Each structure stands twice: as C-alpha cells, then as structure tokens.
Amino acid sequence: MPSLRHTIAADLRAQITTGQLEAGARLPSEPRLAADYKISTPTLRNALALLQAEGLIEKIHGTGNFVRRPLRRLTYTEGRLTPDADLHVTIRTTNLRARGDLLSLLKVPSRTPLTEFLCLTYQGERPHSLAHIYVPRDLAPAELACSCPDRAETQEVVTARLPTPEEASTLRISTSLAVLAITRVSADITGRVIEVARLLLPGDRAEALFTTHHTIEESRTEG
C-alpha cells in the first residue's frame, strides 16, 4: 500500500502533468496543503521532496514552492554536451598542487603543480552543469583546457549520487535531486595522463549516451 507521502506526491504530480497546475505556478503554502490533505507538515514536506527530486517543483526559500518550467534535456556523449548552441560557459583558473586522489588519477607525485579550470555551463540564465578540470601545469594552455595535446585514450566513470550542499548551491538545485557525476581521465599516445575532468550533470536536465562499436572478424576455413 502506498505511503501517505507517495499518495500526496502522486496527486500533485497528476495535477502538474495534466496542466491543472501550470508551469511557473506557485503552490499553496505548506501549512495550507497539509491542512487540505489532512496530514502533518513534515509528511507534506516529504511528499514535496519527492517532486523536487523529480524536477517537477522547486522550492525558493522565503517565497514558496513553484511548478518548474520544463527543462530542455541535453545529451552528454563523447566528452561533451549536445546540442550546445544555447549553452555558454564561464571559466575560472586556479593554480594548485596535486593531492588526494588526483595523485593516482593523474599518476603524478605529491604536490605536482596543476592548473584547475572551473567551468560553469549556463543554459540561458540558469546554471546547467559544472566541471572541474585538472591539467599538469607544464601542459596547461593559456586559456582553455580543451587545447591540451591530442588524446589517445579516454576513460569515464559515471556515478549517480546526491549533490553536496556546495554543488547544489552552485547549480541552484535541491540537495535531493540526483546528479550524474562523471570522472573523465584522458591520456596521450605515450600513456601520460594529460587531463582529469570531474563533471556534474543534474539528473533533470541531462542524460549520458554511450555507443559501443563492435568489430566482427570472419573466420575462414581453408579447404
């Protein structure tokens, strides 16, 4: 039997998907909704948290809960988001020393000089995705990390998790909204790691596409 929070969430979800509650509309106050559904305020907030995690509503502190306008979902494939015509990026660079798991990812000694590129991608005025890119300083270009030497091999690890409070604040999302965390390690033809990128994509606006190319070899039997 569905719990109260799931029942309430299902009713509000139906109102949103059918247009009864329109995009941008402000929901009644939490005490009013709790009274209408004859449930406690904590239970009501748990139901709203489910809809926030689905990206259907957003809570603006001090203002209330609002039905979110549909977000255009972008596809992450082969190291980039597509289509990207309406995306723009702000980049901040910082010089630092390698430590923690960057040592094993970059295969460098402790305190190796690195350049970090903090890339925040926007879709319109709204933050869309976040990336931290680390490059050995002797390889770091003057402006963009994408100017690094040609990559011969790239490995990516994708994890679904909840954002940290800092990540949620930067991307203006709820801490209950799942994100895709992608760690991308690129090496050149000599096997040297030339870049480690940590990308964060909110689950309500991006999806990852992976394509596998199979090589089929025909075996021939000589007569």
Side-chain angles (χ1 to χ4, degrees), residues 1-78 80-90 119-131 158-182 199-211:
M1 181 177 179
S3 64
L4 271 177
R5 65 171 182 155
H6 284 93
T7 299
I8 303 307
D11 183 63
L12 290 171
R13 186 185 299 110
Q15 294 183 52
I16 293 171
T17 55
T18 59
Q20 187 176 343
L21 286 172
E22 297 181 350
R26 183 176 183 270
L27 273 63
S29 68
E30 292 178 0
R32 170 68 182 276
L33 282 173
D36 288 346
Y37 283 112
K38 298 181 174 56
I39 57 175
S40 67
T41 300
T43 300
L44 185 277
R45 287 176 177 165
N46 287 336
L48 294 178
L50 294 175
L51 300 179
Q52 290 168 10
E54 296 172 18
L56 292 176
I57 66 172
E58 61 181 337
K59 183 172 184 176
I60 301 177
H61 291 287
T63 305
N65 294 286
F66 293 81
V67 179
R68 292 186 66 176
R69 299 186 184 280
L71 293 173
R72 182 180 176 190
R73 296 184 71 89
L74 303 183
T75 301
Y76 176 84
T77 180
E78 298 181 352
R80 63 180 56 190
L81 287 166
T82 55
D84 58 2
D86 59 348
L87 296 182
H88 62 279
V89 184
T90 63
C119 306
L120 187 56
T121 302
Y122 289 84
Q123 187 174 13
E125 298 297 321
R126 189 181 188 89
H128 187 282
S129 57
L130 175 67
V158 181
T159 304
R161 62 171 175 82
L162 295 178
T164 65
E166 181 180 2
E167 292 168 342
S169 176
T170 299
L171 290 168
R172 302 179 202 168
I173 60 175
S174 167
T175 53
S176 62
L177 175 65
V179 297
L180 292 179
I182 303 172
L199 300 93
L200 202 70
L201 309 175
D204 64 345
R205 66 198 68 169
E207 57 191 14
L209 173 65
F210 299 93
T211 302

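Just the heavy atoms: all of them, side chains too, but no hydrogens, waters or symmetry mates, feed the values below. These figures come from a predicted structure and were not determined experimentally.
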The single option from L12, L50, L48 that satisfies side-chain contact (heavy atoms from CB on, under 4.5 Å) with I57 is L48
Identify the heavy atoms of [X] and [Y] that sit nearest to each other, and give their distance.
| X | Y | result |
| --- | --- | --- |
| Q15 | T18 | O-OG1, 3.4 Å |
| A47 | A9 | O-CB, 3.8 Å |
| T175 | A168 | CG2-CB, 3.7 Å |
| A23 | R68 | CB-O, 4.1 Å |
| P163 | R161 | CA-NH1, 3.8 Å |
| S129 | P202 | CA-CD, 4.4 Å |

Find the distance between [atom1] ([X]) and [atom2] ([Y]) and round it off to the nearest 0.5 Å.
| X | Y | atom1 | atom2 | value |
| --- | --- | --- | --- | --- |
| T77 | L209 | OG1 | CG | 4.5 Å |
| L171 | L177 | CG | CG | 9.5 Å |
| D11 | I16 | CG | CD1 | 10.0 Å |
| I8 | K38 | CD1 | NZ | 10.5 Å |
| L56 | L21 | CG | CG | 10.5 Å |
| Y37 | T43 | OH | OG1 | 13.5 Å |

Less than 4.5 Å apart, side chain to side chain, heavy atoms only: is that true for [X] and [Y]?
| X | Y | result |
| --- | --- | --- |
| Q52 | N65 | yes |
| V67 | E22 | no |
| R205 | R126 | yes |
| F66 | R26 | yes |
| L180 | Y76 | no |

Donor-acceptor check, side chain of T170 to backbone of E166, threshold 3.5 angstrom: yes or no?
yes
Take R5 and I39, measure what side chain to side chain contact (heavy atoms under 4.5 Å, CB included) needs, and give me the verdict at the end.
CA-CA 9 Å; R5 65 171 182 155; I39 57 175; over 6 Å; no
Run the numbers on L162 and E167 for side chain to side chain contact (heavy atoms under 4.5 Å, CB included), then give the verdict.
CA-CA 9 Å; L162 295 178; E167 292 168 342; over 6 Å; no
